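The next block holds one structure in the form of C-alpha coordinates; read it before the comments.
Throughout, numbering of the chain's residues begins at 1 and tracks the sequence. Being a predicted model, the structure only gives us computed values, none of them experimental. Just follow the structure's listing: the first ligand is 1, and inside any ligand the first atom is 1.
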Amino acid sequence: MKILIVGSGGREHALGWKLKQSPLVTELISAPGNPGLAELGRTVPIKADAAGDLASFAMREQVGLVVIGPEAAAAAGLADSLANVGVPCFGPSQAAAELEASKAFMKDFCGRHGVPTAEYKVFDDAIHAKAYLGGREPPFVIKADGLAAGKGVVIAETRRDADAAIDEILFLRKFGAAGQRIVIEDFLPGEEASFFALCDGETAIPLVAAQDHKRAYDGDKGPNTGGMGAYSPAPIFTDAVRDQTMERIILPTLRGMKAEGRPFVGVLFAGLMITPEGPKLIEFNVRFGDPECQTLMRRLKSDLAPVLLAAAKGELASAPALAWDARPAVTVVYAAQGYPDEPLTGSVIRGLGEAGAVEDVVVFHAGTKRDEDGTLRAAGGRVLNVTAIGATLQDAVAKAYAAVNRIDWPGGFCRRDIGWRALAK
Ligand code: AMP
Ligand code: GLY
(Lines give C-alpha, C1' and ligand atoms only; values in the text may rest on other atoms or scores of the structure.)
(Ligands and ions follow the chains in the order given, each with its own letter.)
Protein backbone atom coordinates (compact mmCIF):
# COMPACT_ATOMS: atom_id res chain seq x y z
CA MET A 1 0.00 0.00 0.00
CA LYS A 2 0.91 3.65 -0.37
CA ILE A 3 1.38 5.51 2.89
CA LEU A 4 1.03 9.27 3.23
CA ILE A 5 2.79 10.85 6.21
CA VAL A 6 1.52 14.28 7.16
CA GLY A 7 4.00 16.68 8.75
CA SER A 8 7.54 17.95 8.27
CA GLY A 9 9.55 17.37 11.44
CA GLY A 10 11.96 14.88 12.94
CA ARG A 11 9.07 12.84 14.28
CA GLU A 12 7.70 12.41 10.77
CA HIS A 13 11.12 11.58 9.33
CA ALA A 14 11.55 8.88 12.00
CA LEU A 15 8.07 7.44 11.28
CA GLY A 16 8.87 7.46 7.56
CA TRP A 17 12.25 5.82 8.11
CA LYS A 18 10.55 3.02 10.04
CA LEU A 19 7.57 2.61 7.69
CA LYS A 20 9.83 2.54 4.64
CA GLN A 21 11.33 -0.72 5.98
CA SER A 22 7.93 -2.43 5.83
CA PRO A 23 7.39 -5.00 3.07
CA LEU A 24 3.77 -3.82 2.94
CA VAL A 25 4.71 -0.33 1.81
CA THR A 26 4.98 0.22 -1.94
CA GLU A 27 5.41 3.99 -1.78
CA LEU A 28 6.00 6.51 0.99
CA ILE A 29 4.70 10.00 0.29
CA SER A 30 4.96 12.92 2.68
CA ALA A 31 3.15 16.24 2.86
CA PRO A 32 4.79 18.64 3.10
CA GLY A 33 7.75 16.49 4.20
CA ASN A 34 11.36 17.62 4.54
CA PRO A 35 14.73 16.86 2.88
CA GLY A 36 15.12 13.73 5.01
CA LEU A 37 11.72 12.39 3.98
CA ALA A 38 12.52 13.36 0.38
CA GLU A 39 15.26 10.72 0.43
CA LEU A 40 12.60 8.11 1.23
CA GLY A 41 9.96 9.04 -1.33
CA ARG A 42 7.88 11.72 -2.98
CA THR A 43 7.06 14.92 -1.12
CA VAL A 44 4.04 17.03 -2.03
CA PRO A 45 3.72 20.70 -1.08
CA ILE A 46 0.45 20.51 0.85
CA LYS A 47 0.42 21.96 4.35
CA ALA A 48 -0.26 19.63 7.27
CA ASP A 49 -3.42 21.48 8.31
CA ALA A 50 -4.94 21.71 4.80
CA ALA A 51 -7.41 18.92 5.61
CA GLY A 52 -9.55 19.15 2.48
CA ASP A 53 -6.61 19.27 0.07
CA LEU A 54 -4.89 16.35 1.80
CA ALA A 55 -8.08 14.26 1.67
CA SER A 56 -8.54 14.93 -2.08
CA PHE A 57 -4.90 14.05 -2.70
CA ALA A 58 -5.11 10.83 -0.67
CA MET A 59 -8.25 9.74 -2.51
CA ARG A 60 -6.82 10.57 -5.95
CA GLU A 61 -3.60 8.69 -5.18
CA GLN A 62 -5.44 5.72 -3.64
CA VAL A 63 -3.41 5.99 -0.47
CA GLY A 64 -3.91 2.95 1.78
CA LEU A 65 -3.09 4.71 5.06
CA VAL A 66 -2.55 8.30 6.18
CA VAL A 67 -0.38 8.81 9.27
CA ILE A 68 -0.92 12.13 11.05
CA GLY A 69 2.21 13.57 12.66
CA PRO A 70 1.41 16.95 14.25
CA GLU A 71 -1.49 17.94 16.50
CA ALA A 72 -2.38 20.90 14.26
CA ALA A 73 -3.39 18.50 11.46
CA ALA A 74 -5.60 16.49 13.83
CA ALA A 75 -7.11 19.65 15.32
CA ALA A 76 -7.85 20.91 11.79
CA GLY A 77 -10.07 17.87 11.20
CA LEU A 78 -7.85 15.88 8.83
CA ALA A 79 -9.07 12.51 10.16
CA ASP A 80 -12.68 13.64 9.68
CA SER A 81 -12.01 14.72 6.08
CA LEU A 82 -10.32 11.38 5.36
CA ALA A 83 -13.21 9.46 6.93
CA ASN A 84 -15.57 11.28 4.54
CA VAL A 85 -13.65 9.97 1.52
CA GLY A 86 -13.04 6.51 2.99
CA VAL A 87 -9.24 6.65 3.39
CA PRO A 88 -7.93 4.85 6.51
CA CYS A 89 -6.25 7.28 8.89
CA PHE A 90 -3.99 6.81 11.88
CA GLY A 91 -4.79 9.87 13.97
CA PRO A 92 -7.68 11.31 15.97
CA SER A 93 -10.81 13.12 14.83
CA GLN A 94 -11.12 16.81 15.60
CA ALA A 95 -13.45 15.97 18.50
CA ALA A 96 -10.94 13.49 19.96
CA ALA A 97 -8.04 15.92 19.46
CA GLU A 98 -9.70 18.17 22.07
CA LEU A 99 -7.76 16.13 24.64
CA GLU A 100 -4.70 18.11 23.56
CA ALA A 101 -6.26 21.18 21.94
CA SER A 102 -8.02 22.27 25.16
CA LYS A 103 -6.42 21.81 28.55
CA ALA A 104 -9.73 22.82 30.16
CA PHE A 105 -11.50 20.01 28.26
CA MET A 106 -8.77 17.56 29.25
CA LYS A 107 -8.93 18.48 32.95
CA ASP A 108 -12.74 18.37 33.11
CA PHE A 109 -12.63 15.03 31.27
CA CYS A 110 -10.20 13.64 33.86
CA GLY A 111 -12.61 14.76 36.58
CA ARG A 112 -15.55 13.01 34.89
CA HIS A 113 -13.63 9.75 34.47
CA GLY A 114 -11.50 9.57 37.59
CA VAL A 115 -8.13 9.99 35.85
CA PRO A 116 -5.51 11.12 38.42
CA THR A 117 -4.22 14.63 37.69
CA ALA A 118 -3.39 17.83 39.61
CA GLU A 119 -6.18 19.86 41.30
CA TYR A 120 -7.16 22.76 39.05
CA LYS A 121 -9.60 25.48 38.11
CA VAL A 122 -10.37 27.16 34.77
CA PHE A 123 -10.64 30.96 34.45
CA ASP A 124 -11.40 33.50 31.75
CA ASP A 125 -10.96 36.57 33.92
CA ALA A 126 -7.86 37.72 35.73
CA ILE A 127 -9.53 38.94 38.90
CA HIS A 128 -10.97 35.56 39.85
CA ALA A 129 -7.79 33.79 38.71
CA LYS A 130 -5.61 35.94 40.98
CA ALA A 131 -8.01 35.55 43.89
CA TYR A 132 -7.84 31.75 43.53
CA LEU A 133 -4.06 31.85 44.00
CA GLY A 134 -4.64 33.22 47.51
CA GLY A 135 -5.84 29.81 48.67
CA ARG A 136 -3.10 27.77 46.98
CA GLU A 137 0.53 27.04 47.74
CA PRO A 138 3.43 28.00 45.42
CA PRO A 139 4.80 27.08 42.97
CA PHE A 140 1.77 28.04 40.87
CA VAL A 141 1.21 26.35 37.52
CA ILE A 142 -0.55 28.55 34.96
CA LYS A 143 -1.44 27.24 31.51
CA ALA A 144 -2.98 28.73 28.41
CA ASP A 145 -5.99 26.58 27.48
CA GLY A 146 -5.22 26.07 23.79
CA LEU A 147 -2.36 24.88 21.57
CA ALA A 148 0.79 26.93 22.17
CA ALA A 149 3.55 24.74 20.69
CA GLY A 150 4.60 23.52 24.12
CA LYS A 151 5.25 27.05 25.39
CA GLY A 152 1.94 27.87 27.06
CA VAL A 153 2.91 26.81 30.59
CA VAL A 154 4.33 29.07 33.29
CA ILE A 155 5.57 27.76 36.63
CA ALA A 156 5.69 30.71 39.02
CA GLU A 157 7.47 30.64 42.38
CA THR A 158 5.80 33.80 43.70
CA ARG A 159 2.37 35.45 43.63
CA ARG A 160 3.88 38.38 41.78
CA ASP A 161 5.21 36.17 38.96
CA ALA A 162 1.95 34.25 38.83
CA ASP A 163 -0.08 37.47 38.58
CA ALA A 164 2.19 38.65 35.77
CA ALA A 165 1.72 35.36 33.92
CA ILE A 166 -2.05 35.62 34.23
CA ASP A 167 -1.98 39.15 32.79
CA GLU A 168 0.36 38.12 29.97
CA ILE A 169 -1.87 35.28 28.89
CA LEU A 170 -5.36 36.74 29.43
CA PHE A 171 -4.76 40.46 28.70
CA LEU A 172 -1.67 40.68 26.54
CA ARG A 173 -2.56 37.47 24.69
CA LYS A 174 1.02 36.26 24.70
CA PHE A 175 -0.22 32.96 23.26
CA GLY A 176 -2.93 34.49 21.09
CA ALA A 177 -6.33 32.81 21.04
CA ALA A 178 -4.87 29.86 22.96
CA GLY A 179 -4.99 32.18 25.99
CA GLN A 180 -8.69 33.05 26.01
CA ARG A 181 -8.93 30.82 29.04
CA ILE A 182 -6.34 29.62 31.51
CA VAL A 183 -6.02 26.59 33.73
CA ILE A 184 -4.39 27.06 37.14
CA GLU A 185 -3.31 23.82 38.73
CA ASP A 186 -1.37 22.50 41.70
CA PHE A 187 2.31 21.74 41.23
CA LEU A 188 3.11 18.03 41.15
CA PRO A 189 6.58 17.17 42.45
CA GLY A 190 8.36 14.15 40.99
CA GLU A 191 10.12 12.94 37.88
CA GLU A 192 8.46 13.14 34.47
CA ALA A 193 8.06 10.48 31.83
CA SER A 194 6.35 10.31 28.44
CA PHE A 195 4.30 7.21 27.77
CA PHE A 196 2.59 6.20 24.55
CA ALA A 197 -0.29 3.85 23.71
CA LEU A 198 -1.75 2.97 20.32
CA CYS A 199 -5.55 3.23 20.26
CA ASP A 200 -8.28 2.21 17.82
CA GLY A 201 -11.22 3.77 19.66
CA GLU A 202 -11.78 0.71 21.83
CA THR A 203 -8.53 -1.16 22.40
CA ALA A 204 -5.19 0.26 23.56
CA ILE A 205 -1.76 -1.33 23.13
CA PRO A 206 1.02 -0.01 25.36
CA LEU A 207 4.17 1.15 23.61
CA VAL A 208 7.17 2.12 25.73
CA ALA A 209 8.17 5.20 27.71
CA ALA A 210 10.77 7.87 27.08
CA GLN A 211 12.13 10.89 28.90
CA ASP A 212 12.46 14.29 27.31
CA HIS A 213 14.59 17.35 28.20
CA LYS A 214 12.34 20.42 27.98
CA ARG A 215 14.79 23.17 28.89
CA ALA A 216 17.05 24.68 26.27
CA TYR A 217 20.41 24.49 28.07
CA ASP A 218 22.57 22.04 30.00
CA GLY A 219 21.61 21.32 33.59
CA ASP A 220 17.91 21.87 32.75
CA LYS A 221 18.44 25.62 32.60
CA GLY A 222 16.99 28.19 30.24
CA PRO A 223 13.63 28.53 28.54
CA ASN A 224 11.15 25.73 27.89
CA THR A 225 11.32 24.17 24.43
CA GLY A 226 9.51 21.50 22.47
CA GLY A 227 12.23 19.12 23.68
CA MET A 228 16.02 19.14 23.34
CA GLY A 229 16.66 15.42 23.55
CA ALA A 230 15.15 12.15 24.70
CA TYR A 231 15.98 8.62 25.63
CA SER A 232 14.09 5.37 25.92
CA PRO A 233 13.53 3.33 28.02
CA ALA A 234 12.90 5.60 31.00
CA PRO A 235 14.36 3.85 34.06
CA ILE A 236 11.70 5.35 36.33
CA PHE A 237 8.94 3.81 34.21
CA THR A 238 8.97 0.29 35.61
CA ASP A 239 6.55 -2.43 34.51
CA ALA A 240 4.49 -1.71 37.64
CA VAL A 241 4.23 1.98 36.72
CA ARG A 242 3.28 1.01 33.17
CA ASP A 243 0.48 -1.26 34.42
CA GLN A 244 -0.82 1.49 36.73
CA THR A 245 -0.72 3.96 33.85
CA MET A 246 -2.73 1.64 31.61
CA GLU A 247 -5.30 0.84 34.33
CA ARG A 248 -5.73 4.31 35.82
CA ILE A 249 -5.09 6.64 32.90
CA ILE A 250 -5.08 5.14 29.40
CA LEU A 251 -7.98 2.66 29.61
CA PRO A 252 -10.40 4.97 31.53
CA THR A 253 -9.63 7.65 28.94
CA LEU A 254 -10.33 5.34 26.03
CA ARG A 255 -13.63 4.22 27.61
CA GLY A 256 -14.58 7.78 28.53
CA MET A 257 -13.86 9.16 25.07
CA LYS A 258 -15.96 6.44 23.49
CA ALA A 259 -18.81 7.03 25.95
CA GLU A 260 -18.73 10.76 25.17
CA GLY A 261 -18.99 10.12 21.45
CA ARG A 262 -15.36 10.98 20.65
CA PRO A 263 -13.66 7.59 20.22
CA PHE A 264 -9.89 8.08 20.23
CA VAL A 265 -7.90 6.66 17.32
CA GLY A 266 -4.16 7.22 17.04
CA VAL A 267 -1.39 7.45 19.57
CA LEU A 268 -2.27 8.74 23.02
CA PHE A 269 0.77 10.41 24.59
CA ALA A 270 0.49 10.76 28.35
CA GLY A 271 2.86 13.31 29.89
CA LEU A 272 3.19 11.90 33.41
CA MET A 273 4.56 12.88 36.77
CA ILE A 274 5.70 9.78 38.63
CA THR A 275 4.70 10.59 42.21
CA PRO A 276 4.87 8.50 45.39
CA GLU A 277 1.14 7.75 44.89
CA GLY A 278 1.76 6.54 41.36
CA PRO A 279 1.61 8.16 37.93
CA LYS A 280 -0.40 11.37 37.57
CA LEU A 281 -1.35 12.99 34.29
CA ILE A 282 0.24 16.34 33.44
CA GLU A 283 -1.09 16.52 29.92
CA PHE A 284 -2.37 14.47 27.04
CA ASN A 285 -1.06 14.84 23.52
CA VAL A 286 -2.84 13.20 20.63
CA ARG A 287 0.29 12.34 18.62
CA PHE A 288 3.80 11.02 19.08
CA GLY A 289 6.18 13.16 21.10
CA ASP A 290 8.94 14.92 19.26
CA PRO A 291 11.79 13.95 19.88
CA GLU A 292 10.55 10.96 21.94
CA CYS A 293 9.20 9.28 18.79
CA GLN A 294 12.67 9.15 17.26
CA THR A 295 13.93 6.99 20.14
CA LEU A 296 10.85 4.74 19.95
CA MET A 297 11.31 4.16 16.22
CA ARG A 298 14.95 3.20 16.78
CA ARG A 299 13.88 0.61 19.38
CA LEU A 300 10.82 -0.88 17.64
CA LYS A 301 11.71 -4.20 16.02
CA SER A 302 8.27 -5.09 14.66
CA ASP A 303 6.83 -3.81 11.41
CA LEU A 304 5.03 -0.53 12.18
CA ALA A 305 2.78 -0.43 9.09
CA PRO A 306 0.35 -3.26 9.95
CA VAL A 307 -0.17 -2.06 13.51
CA LEU A 308 -0.90 1.53 12.50
CA LEU A 309 -3.31 0.20 9.86
CA ALA A 310 -4.97 -2.03 12.46
CA ALA A 311 -5.43 1.00 14.74
CA ALA A 312 -6.93 3.00 11.85
CA LYS A 313 -9.38 0.19 11.08
CA GLY A 314 -10.43 -0.61 14.66
CA GLU A 315 -8.64 -3.97 14.62
CA LEU A 316 -5.99 -3.58 17.32
CA ALA A 317 -7.50 -6.37 19.45
CA SER A 318 -6.21 -8.93 16.93
CA ALA A 319 -2.89 -7.20 16.15
CA PRO A 320 0.29 -9.17 16.95
CA ALA A 321 2.35 -8.11 19.98
CA LEU A 322 5.12 -5.59 19.34
CA ALA A 323 8.78 -6.48 19.85
CA TRP A 324 11.25 -3.91 21.18
CA ASP A 325 15.01 -3.74 21.19
CA ALA A 326 16.03 -3.93 24.86
CA ARG A 327 18.96 -1.60 24.14
CA PRO A 328 18.51 2.09 24.99
CA ALA A 329 18.17 4.71 22.29
CA VAL A 330 18.89 8.42 22.59
CA THR A 331 18.16 11.49 20.48
CA VAL A 332 20.14 14.70 20.67
CA VAL A 333 18.35 17.70 19.19
CA TYR A 334 20.62 20.03 17.23
CA ALA A 335 18.86 23.40 17.22
CA ALA A 336 19.48 26.70 15.44
CA GLN A 337 21.21 29.42 17.48
CA GLY A 338 18.54 31.54 19.12
CA TYR A 339 16.03 28.70 19.56
CA PRO A 340 13.42 28.78 21.11
CA ASP A 341 12.91 32.55 21.00
CA GLU A 342 14.23 33.59 17.60
CA PRO A 343 16.05 30.81 15.79
CA LEU A 344 18.45 32.00 13.10
CA THR A 345 17.60 30.21 9.88
CA GLY A 346 19.48 29.89 6.61
CA SER A 347 22.87 28.77 7.93
CA VAL A 348 24.65 26.00 6.00
CA ILE A 349 24.94 22.49 7.46
CA ARG A 350 27.67 20.07 6.38
CA GLY A 351 28.89 16.68 7.48
CA LEU A 352 25.66 14.73 7.79
CA GLY A 353 27.14 11.86 5.76
CA GLU A 354 30.07 11.61 8.17
CA ALA A 355 27.74 11.80 11.17
CA GLY A 356 25.44 9.11 9.81
CA ALA A 357 28.44 6.85 9.26
CA VAL A 358 29.00 6.49 13.01
CA GLU A 359 27.92 2.99 13.99
CA ASP A 360 24.28 2.71 15.17
CA VAL A 361 23.56 6.37 14.38
CA VAL A 362 20.72 7.75 12.24
CA VAL A 363 20.34 11.48 11.69
CA PHE A 364 16.77 12.66 11.20
CA HIS A 365 15.88 15.98 9.61
CA ALA A 366 13.61 18.17 11.70
CA GLY A 367 13.88 21.71 10.31
CA THR A 368 16.04 21.71 7.19
CA LYS A 369 15.69 22.74 3.58
CA ARG A 370 17.79 21.90 0.55
CA ASP A 371 18.80 24.40 -2.15
CA GLU A 372 18.59 23.35 -5.79
CA ASP A 373 22.35 22.80 -5.79
CA GLY A 374 22.04 20.40 -2.84
CA THR A 375 23.24 22.73 -0.08
CA LEU A 376 21.49 21.93 3.19
CA ARG A 377 20.34 24.82 5.38
CA ALA A 378 18.64 25.36 8.72
CA ALA A 379 14.96 26.21 8.24
CA GLY A 380 13.47 25.97 11.71
CA GLY A 381 14.17 25.95 15.44
CA ARG A 382 14.91 22.30 16.01
CA VAL A 383 16.90 21.33 12.93
CA LEU A 384 18.46 17.87 13.28
CA ASN A 385 17.87 14.86 15.53
CA VAL A 386 20.97 12.74 16.01
CA THR A 387 19.81 9.34 17.27
CA ALA A 388 21.87 6.41 18.44
CA ILE A 389 21.28 3.01 19.98
CA GLY A 390 23.79 1.29 22.23
CA ALA A 391 24.43 -1.60 24.58
CA THR A 392 24.00 0.83 27.48
CA LEU A 393 22.61 4.35 27.64
CA GLN A 394 26.15 5.58 28.16
CA ASP A 395 27.23 3.84 24.97
CA ALA A 396 24.27 5.27 23.01
CA VAL A 397 25.00 8.78 24.31
CA ALA A 398 28.69 8.47 23.39
CA LYS A 399 27.80 7.43 19.84
CA ALA A 400 25.26 10.22 19.45
CA TYR A 401 27.78 12.87 20.51
CA ALA A 402 30.50 11.33 18.34
CA ALA A 403 28.11 11.89 15.42
CA VAL A 404 27.18 15.40 16.59
CA ASN A 405 30.89 16.26 16.63
CA ARG A 406 31.18 15.33 12.95
CA ILE A 407 28.49 17.80 11.92
CA ASP A 408 29.89 21.06 10.64
CA TRP A 409 27.26 23.62 11.55
CA PRO A 410 28.41 26.80 13.29
CA GLY A 411 24.80 28.05 13.26
CA GLY A 412 23.64 25.33 15.65
CA PHE A 413 23.81 24.32 19.29
CA CYS A 414 22.80 21.30 21.32
CA ARG A 415 22.69 20.22 24.93
CA ARG A 416 25.69 18.16 25.96
CA ASP A 417 24.00 16.36 28.85
CA ILE A 418 21.16 14.42 27.24
CA GLY A 419 20.37 11.40 29.41
CA TRP A 420 21.99 12.82 32.56
CA ARG A 421 19.17 11.88 34.89
CA ALA A 422 19.25 8.21 33.90
CA LEU A 423 23.08 8.16 33.76
CA ALA A 424 23.25 9.59 37.30
CA LYS A 425 21.32 6.56 38.61
P1 AMP B 1 2.74 20.78 29.55
O2 AMP B 1 2.83 21.61 28.31
O3 AMP B 1 1.38 20.75 30.17
O4 AMP B 1 3.38 19.42 29.39
O5 AMP B 1 3.71 21.47 30.60
C6 AMP B 1 5.05 21.73 30.27
C7 AMP B 1 5.92 21.33 31.42
O8 AMP B 1 5.57 22.07 32.60
C9 AMP B 1 5.76 19.88 31.82
O10 AMP B 1 6.54 19.04 31.04
C11 AMP B 1 6.21 19.91 33.26
O12 AMP B 1 7.63 19.94 33.34
C13 AMP B 1 5.71 21.24 33.73
N14 AMP B 1 4.41 21.10 34.38
C15 AMP B 1 3.20 21.23 33.82
N16 AMP B 1 2.22 21.03 34.73
C17 AMP B 1 2.82 20.75 35.89
C18 AMP B 1 2.35 20.46 37.21
N19 AMP B 1 1.06 20.43 37.51
N20 AMP B 1 3.27 20.22 38.16
C21 AMP B 1 4.58 20.26 37.88
N22 AMP B 1 5.10 20.55 36.68
C23 AMP B 1 4.23 20.79 35.68
N1 GLY C 1 8.56 16.46 23.37
C2 GLY C 1 7.31 16.83 23.87
C3 GLY C 1 6.23 16.94 22.89
O4 GLY C 1 6.31 16.44 21.79
O5 GLY C 1 5.23 17.55 23.22
Side-chain angles (χ1 to χ4, degrees), residues 7 9-12 14-15 68-72 74-75 97 99-107 110 115-121 136-157 162 165 169 175 178-179 182-196 209-216 220-232 234 267-275 277 279-297 331-333 335 339-340 364 366 381-382 385 415 418 421:
R11 165 182 52 210
E12 288 77 24
L15 290 168
I68 300 183
E71 61 276 17
L99 273 182
E100 176 169 1
S102 168
K103 291 188 192 288
F105 172 82
M106 182 281 265
K107 297 292 288 192
C110 287
V115 174
T117 184
E119 288 284 321
Y120 75 105
K121 219 163 152 66
R136 316 307 300 180
E137 294 290 318
F140 307 104
V141 182
I142 295 151
K143 304 185 171 184
D145 175 49
L147 294 179
K151 294 174 196 148
V153 176
V154 177
I155 300 191
E157 299 293 337
I169 300 174
F175 304 112
I182 57 173
V183 172
I184 299 183
E185 64 181 37
D186 287 355
F187 183 82
L188 296 172
E191 191 175 328
E192 281 180 64
S194 304
F195 176 66
F196 303 86
Q211 274 175 306
D212 187 9
H213 299 63
K214 302 244 185 207
R215 302 295 200 96
D220 291 331
K221 303 250 163 39
N224 251 317
T225 71
M228 293 300 291
Y231 53 93
S232 173
V267 59
L268 188 58
F269 163 178
L272 301 168
M273 195 64 85
I274 313 305
T275 76
E277 299 111 70
K280 290 193 179 174
L281 185 70
I282 300 175
E283 63 165 352
F284 272 134
N285 298 304
V286 300
R287 36 120 190 136
F288 279 106
D290 190 343
E292 290 97 322
C293 179
Q294 290 80 315
T295 62
L296 265 53
M297 292 306 111
T331 294
V332 176
V333 171
Y339 177 75
F364 295 119
R382 293 187 293 169
N385 303 144
R415 280 183 59 161
I418 299 305
R421 203 183 284 277

Original post:
For Asn224, is the nearest heavy atom under 4.0 Å from an atom of ligand 1?
Top reply: no
**OP:** Evaluate the ring planes of Phe269 and Phe196, with Trp represented by its six-membered ring, and classify them as parallel (under 30°), tilted (30 to 60°) or perpendicular (over 60°).
**Re:** tilted
Original post:
If you count the atoms of ligand 1 from 1 in the order shown, which ones are under 4.0 Å from a heavy atom of Lys103?
Top reply: 2 (O), 3 (O)
Original post:
Do Arg415 and Asp220 sit within salt-bridge range, that is, some charged N less than 4.0 Å from a carboxylate O?
Top reply: yes
Original post:
Short list, please: which atoms of ligand 1 are under 4.0 Å from a heavy atom of Glu185?
Top reply: 16 (N), 17 (C), 18 (C), 19 (N)
Original post:
Which ligand 2 atoms does Gly289 reach within 4.0 Å, using its non-hydrogen atoms?
Top reply: 4 (O)
Original post:
Polar-atom distance check: Phe288 versus ligand 2, any N or O pair below 3.5 Å?
Top reply: no
Original post:
Polar-atom distance check: Leu188 versus ligand 1, any N or O pair below 3.5 Å?
Top reply: yes
Original post:
With no hydrogens and no angle check, is any side-chain donor or acceptor of Thr117 less than 3.5 Å from a backbone partner on Leu281?
Top reply: yes
Original post:
Do any nitrogen or oxygen atoms of Arg382 come within less than 3.5 Å of a nitrogen or oxygen of ligand 2?
Top reply: no
Subject >> Contact partition for Ile155 relative to ligand 1, non-hydrogen atoms under 4.0 Å >> reply: side chain
Subject >> Taking atom 3 (C) of ligand 2 as the reference point, the nearest protein heavy atom with its distance >> reply: Arg287 NH1, 3.5 Å
Subject >> Selection from Asn285, Asp212, Val333, Thr225 by shortest heavy-atom distance to atom 1 (N) of ligand 2 >> reply: Asp212
Original post:
Does any N/O atom on Lys214 come nearer than 3.5 Å to any N/O atom on ligand 2?
Top reply: no
Subject >> Side-chain heavy-atom pair Glu71, Asn285 within 4.5 angstrom cut-off >> reply: no
Subject >> Under 3.5 Å: donor-acceptor pair, side chain of Thr225, backbone of Lys214 >> reply: yes
Original post:
For ligand 1, which atoms, with element, lie under 4.0 Å from some heavy atom of Met273?
Top reply: 21 (C), 22 (N)
Original post:
Sub-3.5 Å donor-acceptor pair from the side chain of Arg382 to the main-chain atoms of Gly10, do we have one?
Top reply: no
Original post:
Distance-only, no hydrogens or angles: does the Ser232 side chain make a donor-acceptor pair with backbone N or O of Ala209 under 3.5 Å?
Top reply: yes
Original post:
With a cut-off of 4.0 Å, which atoms of ligand 2 are near a heavy atom of Phe269?
Top reply: 3 (C), 4 (O), 5 (O)
Original post:
Near Lys143, which atoms of ligand 1 are under 4.0 Å from a heavy atom of that residue?
Top reply: 3 (O), 15 (C), 16 (N)
**OP:** Would you please determine whether Arg11 falls within less than 4.0 Å of ligand 2 on a heavy-atom basis?
**Re:** no
**OP:** Provide the closest heavy-atom pair for Asp145 versus Ala104 in the form atom of the first, atom of the second, distance.
**Re:** OD1-N, 2.8 Å
Original post:
Between Tyr339 and Gly227, which heavy-atom pair has the shortest distance, and what is it?
Top reply: OH-N, 4.5 Å
Subject >> Sidechain N-carboxylate O distance under 4.0 Å for Arg287, Glu100 >> reply: yes
Subject >> Interfacing atoms of ligand 1 (cut-off 4.0 Å, heavy-atom, Lys214) >> reply: 10 (O)
